[in-house]
Amino acid sequence: MRLPWRPLSGADWAAVCVLSGGSALALLSLLPEGSPLHVPQFAVGLAGKYLAYAILAVAVDLVWGFAGILTLGHAAFFALGGYAMGMYLMREIGTRGVYGNPNLPDFMVFLSWDHLPWYWYGFSHLPFALLMALLAPGALAGCFGWLAFRSRVSGVYLSIITQALTYALMLAFFRNDMGFGGNNGLTDFKDVAGANLHQPGTRAALLALTALALAFCLLASRAILGSRFGALLVAVRDAESRTRFIGYRPEHIKLLVWVYSALIAGVGGAFYVIQVGIINPGEFAPGNSIEAVIWVAVGGRGTLWGPVLGALLVNLGKTLFTGLLPELWLYALGLLFILTTLFLPRGVAGLWRAAKPAGAAEVTPEMTSADHEAVP
Amino acid sequence: MGKEGRCSFLKKRTKKLLFLRSRAVARVSDRRRGALLFFKKEVLALLFLLFISPCHAEDPALAGLRAPDYDSVAATVTDLAAHRHPRARAIITALRDGTLYAPDEGPGLYILGPAGTTDAATGAPVSGLDPDSLSKVQQNNRVRIAVAGALALLDLSAPDAATRREAAEAMVAHPDSGLLPALTTALAQETDPPAHAAMVLARAAALLSSGASGQSQQAQLDAVAALRGEGNQQARAILLGIPNPPPAVRDAARSAIAAIDLQLRLWSVGQGVFYGASLGSVLLIAALGLAITFGVMGVINMAHGELMMIGAYVTWLVQGATTAAWPGQAGLGLALSVPAAFLACGALGIAIERGLIRFLYGRPLETLLATWGLSLVLQQAVRSLFGPTNVSVITPAFMSGAVKLGGIEITLNRLVIIVFAAVVMLALTALLRLTPLGLQMRAVTQNRRMAALMGIRTPRVDALTFGLGSGVAGLAGVAISQIDNVSPNLGQGYIIDSFMVVVFGGVGNLWGTLAGALSLGIANKILEPLAGAVLAKIIVLVLIILFIQRRPRGLFPLRGRAVES
Amino acid sequence: MSNDTPMISRRGFGQLSLAAAAAAAAVTPALAAEKGEPIKIGILHSLSGTMAISETTLKDVMLMLIAEQNKKGGVLGRPLEAVVVDPASNWPLFAEKARELLSVDKVAAVFGCWTSVSRKSVLPVFEELNGILFYPVQYEGQECSRNVFYTGAAPNQQAIPAVDYLLSADGGSATRFVLAGTDYVYPRTTNQILQAYLGTKGIKPADIMVNYTPFGQSDWQGIVSQIKAFGSAGKKTAVVSTVNGDANVPFYKELGNQGIKSTDIPVMAFSVGEEELAGIDTKPLVGQLAAWNYFESIKTPANKAFIKQWHAFTKKPKRTTNDPMEAHYIGFNMWVQAVQKAGTIDHDTVIDTLIGIKQPNLTGGVATMLPNHHITKPVYIGEIQDNGQFNVVWKTPDLVPGKAWSPYVAETRNLIGDWRKPIDCGNYDTVAKRCVGTKHG
């Protein structure tokens, strides 16, 4: 029997919370400074950053939690999206750079480049940049995934070559000859679509937009996972060989979710860069990808709301502890990883479920059977 | 003028003259020899005055060493050797070794040797000097070149043939036309063939250096031929630098350079292979431990790099302790740190396995996360304990420098690491193949349940296997402490490369790891001169990614039922 | 590490709740401090990650300077309080932490950053929130912000004198140069300036080899042998190294092993100080060169006292001092003087007052804060000794005023920075007589 409506799922609730929370913060930040409910600008920037990270966490969870592919290179897609947005923001500076050069970004001027490289063309237009923020990660994920899934690279091997991918990109973007600003990356942005980035109004709007994007990702993913495709995805995760024998092509299913996830990560990166104000090759560092996986693990993989919660919690903790315990916070972070994997294999979401009465539909976020047998 | 006044006047005058003279010597050309003669005469006259005057006379030949400018010091050193000053060798050696001191005020030079203080000019022991009133005679690179040249000149007539040869070789490095007469004389008397050959080269180099004007064309052509025969970079440099050569000499030099270049290019292939093998051996030793924990056990140990880092710190601690007990025995410390690092990291590995990893068997991807967390903790722990800065691990003398093998330069520390990696590799293979523990390890890897049914205590074997892998990581730390910095960040630089090697070579196969390490090392070193260091690394990574697509289980995949899923 | 000094109150749990509240958006941060309350000084140096190796020392020296100042009664009758945060060698985190220091902790001044990218990352934050940053490390120049005081060397205070020395007779009259660097903006810009400068000295482009390596390069075999081959062209060759941080140790080890002696091919380094040498056995490196504005081995009473104080503070009698530490010493004392002169910690007033403040260097001479927010510095060339210290073999006769913009780069030839009225601009074109681009600040 098909109901005309369905009950709200965790993802729906998460979308509602994110959207209302984000907009509320954004609105409150616009109150005058003396008001008791005023939210400082600092918090708005932080919240925007956390939400952008949450988008990345959702992307990681889609492939890890639902398709069983442990990615150690998703920060690459995130950073590519970020670079696309950063390039737009650089062009938007126009003649307001240090050298007042209308044609070249500052870093090219002082390294004596005489013309704009071809791949920077078009980035003066926001729609083009937004398109590239999707296309660049999508295309990379498409190529990489097509090669990898077709030849049935899986499990640990796949994790390690995703790591190689992001590492190679990091080295490449570090090169000044690439024309992406080298180690310094892109920074000193002035405004976006004509609105000054340093204005509280712009910040609030960006925060609200990020919340909207995250909510949209959650709902879209919820819809996809609730469809037949979502069922197939879980089938591939839990029994890839059986799915293949039934007649499906697991590599196509994996490729689709992989590219979709990269697109989401790219969106996250774009929103991240606007609000953080800098993008540089450090974002490609393998450690960043692993951290994103940790957010998902802490929040609880295999649910859509878990990663959002995990990203917010871990990053809030990081902000607090790098200020409060500058010498000890790495212990805290390291122990968090260890304790989560040891005692909370399903993350915070697992705790929630354990508290709930049994009977809720459970997915088993375990390894694919192939990996299970390969390693004792 | 009183006695004091006269003394000081004489001294000042002598000093001034010496200074002017040293300037002149430094820029001497034949035309100015006359002027020098005048200086010499006046110096002699003043010397005479000094000797007859009743004030303490200082050997004027040495005064230049106290001059504030390095020009005079260098010129004085050259003079001392050229005029065979009786104390030349002692004084110049002391200057080189930093034991030559001058008082802050007044004349005199002293050598502060281990046996006590002596007067540099006479060699007589001196006592009652306040060490705080002395300061070291400083050198700069210019003085160092002069010192090397002066010692070579003195050694050219040494009784030992090897010393004479070394002296001649040193003269090739810094050719000086002023040495020509001395070389010609020495060459005429030389009977030892290697020393003779070296002197021929040194003479050729001096003959072609700037300042050696008026040489016959034939002499120059002979020199070019001699250098062409030598065929190394030094010879090439001299040939390229001939000042205003006549056409015939220029042509001969050109063809000699072309010949040398060809020879060097051929040798550079061999040199590239050595560099590749040496990088490969570093990758190998870094990856071997991982090949056991990851390849054999299936545990993704992201803290592997940190175990290497701890191995390097153990080396530092052990070396510190041994050099404190037996000063100067850096090699002993290094040798002792091999078992120490193995045991320390092995024990730590067993603790990690018992405390953390055994709860995560069957969930390899979660092990990855947990060990990543562990790596952060270990890094920060070392940072808190030993500080964030580099610590200094001393390279023992037998591992410093290089030996020449034809045109290939083999750096000794790299050679030792190649040998060390090979030994560790062989020992591991033997352990896995020949010992009961190895048999048990392989059994548990291949079929855990059956192994358990056969009575093997699988938890114990797991712990020991992980301990073994960690111990080997510690050994890698010992090796890496010799070529890289020892800091809390050490491990991070190697972890990704190690994983690449293991995956590329084929998981679960030590020989695959060896092949992977060597091919990655050599590929890197072939690409590096062509594409630059950064691009080479990127290209290698992309090649690995593509290779894994072709062969998802690496170069040498394990075959058998266990891996087919 | 010695963070347990009792006189420095670390950020208490008041701020814990404050920061948490700020992040959770509930409470407005406290308004301006009252009289007698501590003045907060932000310390923005990485204590973990790749840069911890260099930056932790600077955090320690700041704690020492603040403790010393508190013993003297603080500033304006108020004690100083250090607010230490860890940006963890993560550049976006630098920007976030800078914002936290300025808007949550309301610090009076920030001492921090090491790498160029961290400075670039925090720069927009300081300009937006009108903060004060003291940046203590030698850098590539081409920047002049109203909110930053550059107490490290600009290229004309390190690179140009160093190359002059190599060109001189004492430096070996080099006529062929290898410019080896890590691939990031400081070496790139410095090498670009040096190439232009060497061109004016008659060095042909064919006699200059430029080589870039990635961060943390550990295998130098190939590059060192390339340098050796380049040096075998019959001309005196010298290496100018802008290789950064950690990569220096394996680089120097390889130089030693391949037998490159300072008498054959001298290597002049801009990023190798006492701290880096502490990790190497320096015997094979004796005679290799470094250019800095401070060396630990310079024997002046002020420097001796500073080193003694440092050893007492860290309780480690062998801990080295280095150039960026002196830069913080100068910067901190200048800030104290400016605040005392202005009688307030108001940022605008202090920024204006700082120009013209004089502070004696540890090694002699007096540093003056110039209108372009750079300072005057002596330049020393030191040779590495076998004990890990440097012996000064040359120094500039006078103090060199720092230039923000290089006259050797076409685009910046006519630019100057002058933050006094009437120019009041960091990038003022002296030919067009106008402020180029957006006025910083």
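Everything quoted here is computed from the prediction, not taken from an experiment. Naming convention: chains lettered A, B, ... in sequence-line order (proteins, then strands); numbering from 1 in each chain.
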Smallest separation among heavy atoms of Q163(A) and M302(B), with atom names
NE2-CE, 3.7 Å
Within-4.5 Å side-chain heavy-atom neighbours: L376(B) and L335(A):
no
State the OG-CG distance between S375(B) and L330(A), to the nearest 0.5 angstrom.
9.5 Å
A side-chain contact here means heavy atoms from C-beta on lying under 4.5 Å apart; do I545(B) and F144(A) qualify?
yes
What part of I300(B) gets closer than 4.5 Å to chain A, counting heavy atoms only: side chain, backbone, both or neither?
side chain
Could you tell me whether W113(A) atom CH2 has more than 12 heavy atoms of other residues or ligands within 6.0 Å of it?
yes
Chain A: which of I496(B), V534(B), I548(B) shares the most heavy-atom pairs with it under 4.5 Å?
I496(B)
So which residues of residues 164-172 of chain A are in contact with chain B at a heavy-atom cut-off of under 4.5 Å?
A164(A), L165(A), Y167(A), A168(A), L171(A), A172(A)
Taking CZ in R242(A) as the centre, count heavy atoms belonging to other residues, nucleotides or ligands within less than 6.0 Å. Is the count above 12?
no
Minimum heavy-atom separation for P552(B) and V153(A), please, with both atom names.
CB-CG2, 4.0 Å
Report yes or no: does Q549(B) contribute a side-chain atom to a donor-acceptor pair with the main-chain N or O of A148(A) at less than 3.5 Å?
yes
Is it the case that atom CZ in R358(B) sees more than 12 heavy atoms from other parts of the structure closer than 6.0 Å?
yes
Taking everything shown except Y248(A) itself, do over 12 heavy atoms lie less than 6.0 Å from its OH?
no
Between the CD atom in E327(A) and the CZ atom in R383(B), the distance rounded to the nearest 0.5 Å is 10.5 Å
Just so I know, are the side chains of L535(B) and R175(A) near enough to count as touching, which here means a heavy-atom distance under 4.5 Å?
yes
Enter the distance from W372(B):CH2 to L72(A):CG here, rounded to the nearest 0.5 Å.
9.5 Å
Look at atom CZ of R152(A) and say whether more than 12 heavy atoms of other residues, nucleotides or ligands are closer to it than 6.0 Å.
no
Which one, L541(B), L360(B), L356(B), leads in non-hydrogen pairs under 4.5 Å with chain A?
L541(B)
With a 4.5 angstrom heavy-atom cut-off, is it the side chain or the backbone of L378(B) that approaches chain A, or both, or neither?
neither
Heavy-atom pairs under 4.5 Å with chain A are the metric here; pick the option from V502(B), L369(B), V503(B), V377(B) that has the most.
L369(B)
Kindly give the heavy-atom pair with the smallest separation between S384(B) and Y331(A), and that separation in Å.
OG-OH, 2.9 Å
Within a 6.0 Å radius of atom CE on M178(A), are there more than 12 heavy atoms belonging to other residues, nucleotides or ligands?
yes
Would you say the side chain of F294(B) lies within less than 4.5 Å of the side chain of I160(A), judging by non-hydrogen atoms?
yes
Do E366(B) and L342(A) have side-chain heavy atoms sitting under 4.5 Å apart?
no
I495(B) versus chain A, heavy atoms under 4.5 Å apart: side chain, backbone, both or neither?
neither
